[in-house]
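Since the structure comes first, as structure tokens, the remarks are kept for the end.
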Amino acid sequence: MSHLPARRFGPGESATEFEPGDFILTHRRTPVSRMLRLAQKIRGRERKYSYWSHAAVIVDTDGSLVEAESKGVVRSPLSKYHPEEYHLVHLGDSADERDRKQVAAFAESLVGQPFGYLDLVSVGLSLFTGAKLNVSYESHLMCSALVARALERTDVIFNDEPAHMLPADLARHYGVEAPKE
């Protein structure tokens, strides 16, 4: 099984071909996003992918997303990212229709949950101590952990614990490099 390459959409461009279970990676400029990019650079293995600071999973054929933001897990339209650059990652044949429904259902089940601030602390502690610490609530997720946990409903196997995955980990796993400047 394989996935299709990610496709870049620049400001003013919109994806029109996607399926539930596909996801986006984007570069944001919020304080939490800046912390994530810094953590990814410190971790080292993600330096090449540290451009990415946010991820969201597509849950419907109309382009609805589920994403973890600082205010919590919300449902948003993909059109929200029309003014920004993002990359759409297609799962291709690595997920069948049943998998995709499970990805979407899992993500939808988390709408309304708080953001995973303890996950951020846990990742930070791991970066500074080298220990794999996991201090979190199961339903409180960062954006990339939400996407990774949802994608576990397919055949994907990640090298890292989803609660500790950052957007760069998703980008590395799916080979999504930062745009050339």
Side-chain angles (χ1 to χ4, degrees), residues 6 9-15 18 20-43 46 49-89 100 102-127 133-153 158 160-171 173-174 176 178:
F9 293 89
E13 298 177 331
S14 296
F18 44 77
D22 293 343
F23 67 97
I24 65 165
L25 290 165
T26 190
H27 176 87
R28 298 175 103 182
R29 291 168 173 75
T30 66
V32 171
S33 295
R34 287 187 179 115
M35 282 191 324
L36 283 173
R37 284 195 313 274
L38 177 62
Q40 292 170 154
K41 287 179 183 176
I42 291 170
R43 192 184 274 181
E46 290 89 3
Y49 302 103
S50 64
Y51 177 79
W52 305 111
S53 62
H54 186 65
V57 66
I58 295 174
V59 295
D60 203 332
T61 55
D62 68 358
S64 295
L65 302 169
V66 170
E67 57 189 329
E69 298 200 327
S70 58
K71 61 187 172 198
V73 178
V74 297
R75 196 173 211 269
S76 306
L78 179 59
S79 61
K80 165 184 175 178
Y81 293 97
H82 184 77
E84 301 176 32
E85 173 193 20
Y86 62 90
H87 278 62
L88 175 66
V89 181
R100 290 175 177 282
Q102 289 182 336
V103 168
F106 176 79
E108 293 269 17
S109 76
L110 295 171
V111 171
Q113 295 296 323
F115 183 76
Y117 286 105
L118 279 178
D119 286 337
L120 276 180
V121 170
S122 182
V123 168
L125 288 171
S126 293
L127 288 171
L133 303 172
N134 191 0
V135 182
S136 64
Y137 294 108
E138 187 175 340
S139 60
H140 297 203
L141 301 171
M142 296 185 305
C143 64
S144 46
L146 183 152
V147 172
R149 295 264 331 269
L151 291 175
E152 284 184 317
R153 276 66 190 156
F158 295 112
D160 296 300
E161 172 65 32
H164 274 244
M165 288 185 69
L166 299 173
D169 295 310
L170 289 168
H173 185 85
Y174 288 93
V176 184

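Predicted, not measured: the structure shown is a model, and the values here were computed from it.
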request  = Output the distance between atom CE (Met165) and atom OG (Ser144), rounded to the nearest 0.5 Å.
outcome  = 7.0 Å

ask   = Can you tell me how far NE2 of His54 sits from CD of Glu69, rounded to the nearest 0.5 angstrom?
value = 5.0 Å

message = Run the side-chain hydrogen bond (donor to acceptor under 3.5 Å, both in side chains) test against Asp60 and tell me which residues pass, sequence neighbours left out.
response = none

ask   = So, does Trp52 use its side chain to make a donor-acceptor pair with the main chain of His87 at under 3.5 Å?
value = no

task = Output all residues satisfying side-chain hydrogen bond (donor to acceptor under 3.5 Å, both in side chains) with Thr26, sequence neighbours left out; order by chain, then residue number.
result = none

Leu166 and Tyr49, any side-chain heavy atoms less than 4.5 Å apart = no

Option from Val111, Val74, Val103 for which side-chain contact (heavy atoms from CB on, under 4.5 Å) with Val66 holds = Val111

note = In short, Leu78 meets Ala15 closest at the heavy-atom pair CD2-CB, 4.0 Å

query = Under 3.5 Å, side chain of Ser64 to main-chain N/O of Val59, donor-acceptor pair present?
reply = no

ask   = Any side-chain heavy-atom pair from Leu146 and Glu67 closer than 4.5 angstrom?
value = no

ask   = If you look at every heavy atom in Pro20 and Ala104, which pair is closest and at what distance?
value = CB-CB, 4.4 Å

remark   = In short, Pro167 meets Cys143 closest at the heavy-atom pair CG-SG, 4.1 Å

request  = Measure the CG-CG distance between Leu65 and Asp22 for me, rounded to the nearest 0.5 Å.
outcome  = 11.0 Å

message = Please report the interatomic distance CZ(Phe158) to CG(Asp169), rounded to the nearest 0.5 Å.
response = 9.0 Å

By ring pair (Phe, Tyr, Trp, His ring centres under 6.0 Å) - contacts of Tyr81 (at least two apart) = none

note = salt bridge (Lys or Arg N to Asp or Glu O under 4.0 Å) filter on Glu85, not counting sequence neighbours, yields Arg8

message = For a 4.5 angstrom cut-off between non-hydrogen side-chain atoms, does Val147 reach Leu25?
response = no

inquiry  = For Phe23 versus Val57, what's the shortest heavy-atom pair and its separation?
reply    = CB-CA, 3.9 Å

query = Can you name the salt bridge (Lys or Arg N to Asp or Glu O under 4.0 Å) partners of Arg153, sequence neighbours left out?
reply = none

note = For Phe106, the ring pair (Phe, Tyr, Trp, His ring centres under 6.0 Å) test, sequence neighbours excluded, returns none

